[in-house]
Amino acid sequence: MKFEITKSNINNDGTKSFNINLAKKDLVLFGYILESFEGWGNYTTISNIQEIVLKVDVSPSYITEYEKLFSFLKEYDN
């Protein structure tokens, strides 16, 4: 899956935020995958011009797991 993490930072509450650019065609699948890990974090669309930008906020307990998930998804070719 083609996406790019353009920004990440640790917030004051310990959550980690990721800004992710991805193709419009991948939004539904990407969102569906993130939704399946309910309780690990949440996401919202912050831009909808030519490409999609998601802001993903991850609970401190699941940062490592989300980073592994992102690595796996980069290898996934749909």
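Every value quoted in this text rests on a predicted model; they were computed, and no experiment measured them.
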Any side-chain heavy atom of [X] sitting closer than 4.5 Å to one from [Y]?
X   : Y   : result
I20 : F70 : yes
I10 : I63 : yes
Y62 : E67 : no
E65 : W40 : yes

Residue from N19, I5, L27 passing side-chain contact (heavy atoms from CB on, under 4.5 Å) with L54: L27
Residue from T44, T45, L22, I46 passing side-chain contact (heavy atoms from CB on, under 4.5 Å) with V53: I46
Straight-line distance of L73 CG to K68 NZ, nearest 0.5 Å: 14.0 Å
Gap separating the CG atom of L34 from the OH atom of Y66, nearest 0.5 angstrom: 4.5 Å
Heavy-atom donor-acceptor pair, D13 side chain to T15 backbone, under 3.5 Å: yes
Flag, side chain of S8 to backbone of S17, donor-acceptor distance under 3.5 Å: no
Derivation of the side-chain contact (heavy atoms from CB on, under 4.5 Å) call for F3 and N21: CA-CA 6 Å; F3 64 92; N21 289 22; over 6 Å; no
Candidate pair N11 and D57, rule side-chain contact (heavy atoms from CB on, under 4.5 Å), full reasoning: CA-CA 9 Å; N11 302 310; D57 296 314; 4.2 Å; yes
P60 versus G14, closest heavy-atom pair with distance: CG-O, 3.3 Å
Heavy-atom closest contact (G39 atom, S59 atom, distance): O-CB, 4.4 Å
